[in-house]
Amino acid sequence: MSDSNSVKSAKTRKEWIIENVISLGSALLIVFMIRSSVIEAFKIPSGSMIPTLYIGDHIFVNKFAYGLKIPFSDLVTDHPVYLINRELPKRSDVIVFIDPKDESRYLIKRVVGVPRDTVEMKDKVLYINQKMISQNLIPGPKTEKILQNLDDPQYPIGKMDLYTEHLDTVDHVIMIDKTGFRSENFGPITIPSESLFVMGDNRDNSGDSRFWGFVPMKNVKGKAMAVWLSFWVDFSESQFSFRPGRIGTLIQ
């Protein structure tokens, strides 16, 4: 009797372990499938998208925005395989993509040009297909407030101008360094098929398509949605920032 109960108990424990391992494995598989095809979290490591995104912003990226892909397909091929026809990203979309020059890392920028567009910069103003993209200077007090909230000595009040740029149907804020020259003039250049031209909103402090070329469509991972956390620690520089007010900020 005792031996029989011991065997039964051991079998029950074994079944319990197997069931829980299967349950845990299934849950993890679902999580990774969602992460691969629907939504994924990313952290902003640089200031190239200031003032839209700050260093330390943690964002959600919609990987379903441009089509539903077969989970993990980009791990076994050189590009994702889609179940639903893919839409092209639109001008003004903020996208996450694989760096064309270093495929071990991701970048985030704003789409300013799509296939067959001609992109040009004249005196720090963007032109698309020979049409000037209008900008409105943001008043001084509002600019000062944004820069104070940014709290970065690299961007002092008085050196930076903020503009609202009207790109297609989206108004978004860009930052111009009045003493910088990187965003002054560029192009014109025409975008080939299956490619995008991207730029950072921090126009004088962004490495983007002006310097390393186009983004292949196959490199696009998804569209930035919202900030779910804004937290940054740099032990080497003894810097710490936590911005609870940015939580829930929609990315436009």
Side-chain angles (χ1 to χ4, degrees), residues 28 31-82 86-115 152 170 172 174-175 182 191-192 194-234 241 243 246-247 249-252:
L28 289 174
V31 168
F32 285 123
M33 288 177 67
I34 292 173
R35 182 176 179 271
S36 174
S37 299
V38 181
I39 192 169
E40 186 172 359
F42 286 88
K43 177 184 175 183
I44 305 303
S46 74
S48 70
M49 282 297 292
I50 293 172
T52 303
L53 293 167
Y54 292 2
I55 297 173
D57 279 354
H58 295 249
I59 66 171
F60 284 127
V61 172
N62 180 1
K63 304 181 82 170
F64 183 64
Y66 306 121
L68 178 62
K69 75 170 187 176
I70 298 174
F72 316 120
S73 59
D74 49 350
L75 298 180
V76 296
T77 66
D78 64 348
H79 62 278
V81 178
Y82 284 83
R86 192 181 199 194
E87 294 183 3
L88 278 173
K90 300 182 290 294
R91 296 188 203 99
S92 80
D93 284 0
V94 178
I95 62 169
V96 170
F97 56 94
I98 298 172
D99 184 347
K101 299 299 183 183
D102 180 2
E103 295 194 347
S104 67
R105 67 174 186 163
Y106 295 108
L107 300 177
I108 182 166
K109 308 288 180 187
R110 188 179 299 277
V111 177
V112 299
V114 297
D152 189 327
V170 175
H172 63 96
I174 63 171
M175 185 160 69
R182 297 186 78 192
I191 304 165
E194 290 297 310
S195 300
L196 302 168
F197 193 96
V198 299
M199 292 171 58
D201 290 346
N202 189 354
R203 291 285 166 82
D204 291 286
N205 293 277
S206 172
D208 49 43
S209 290
R210 293 171 291 175
F211 306 101
W212 42 250
F214 307 112
V215 177
M217 273 298 304
K218 67 178 184 178
N219 285 33
V220 176
K221 303 299 289 185
K223 181 180 179 181
M225 297 169 55
V227 177
W228 64 272
L229 178 66
S230 187
F231 176 78
W232 174 261
V233 177
D234 187 338
S241 65
R243 302 183 178 95
R246 290 190 58 74
I247 296 174
T249 300
L250 299 180
I251 300 169
Q252 295 182 339

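Being a predicted model, the structure only gives us computed values, none of them experimental. Throughout, numbering of the chain's residues begins at 1 and tracks the sequence.
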Please tell me if the side chains of [X] and [Y] come closer than 4.5 Å, counting only heavy atoms from C-beta onward.
X	Y	result
Tyr66	Pro89	yes
Phe97	Val198	yes
Ile59	Met225	no
Ile98	Tyr106	yes

Does any N or O in the side chain of [X] come within less than 3.5 Å of the main-chain N or O of [Y], such that one atom is a donor and the other an acceptor?
X	Y	result
Asp57	Val227	no
Trp212	Gly207	yes
Arg110	Met199	no
Lys90	Val111	no

Euclidean distance, [Y] [atom2] relative to [X] [atom1], rounded to 0.5 Å:
X	Y	atom1	atom2	result
Asp152	Ile50	CG	CD1	6.0 Å
Leu250	Phe60	CG	CZ	12.5 Å
Ile251	Asn62	CD1	CG	11.0 Å
Ile174	Asp204	CD1	CG	9.5 Å
Ile95	Met217	CD1	CE	7.5 Å
Ile247	Leu229	CD1	CG	5.5 Å

Checklist line | Step-by-step side chain to side chain donor-acceptor pair (under 3.5 Å) determination, Asn202 to Ser48 | finding: CA-CA 5 Å; Asn202 189 354; Ser48 70; over 6 Å; no

Notebook entry, point to check: How far apart are the C-alpha atoms of Val61 and Ile108, what are their side-chain angles, what is the distance that settles it, and do they pass the side-chain contact (heavy atoms from CB on, under 4.5 Å) test?
Noted result: CA-CA 10 Å; Val61 172; Ile108 182 166; 5.8 Å; no

Next item on the list: Could you walk me through whether Gln252 and His172 pass the side-chain contact (heavy atoms from CB on, under 4.5 Å) test, one step at a time?
Entry: CA-CA 6 Å; Gln252 295 182 339; His172 63 96; 5.5 Å; no

Checklist line | Distance-minimising heavy-atom pair for Ile44 and Ser46 | finding: CG2-O, 3.3 Å

Checklist line | Where Pro216 and Pro100 come nearest, the two heavy atoms and their spacing | finding: CD-CG, 4.0 Å

Check: Taking the six-membered ring of Tyr54, is the NZ or CZ of Arg246 close enough (under 6.0 Å from the centre) and on axis enough (within 45°)?
Finding: yes

Next item on the list: In plain terms, say whether Lys101 and Asp99 are close enough for a salt bridge, that is, a side-chain N and a carboxylate O under 4.0 Å apart.
Entry: no

Note to self: Between Leu196 and Val114, is the side-chain contact (heavy atoms from CB on, under 4.5 Å) condition met? List the steps.
What the structure shows: CA-CA 5 Å; Leu196 302 168; Val114 297; 4.2 Å; yes

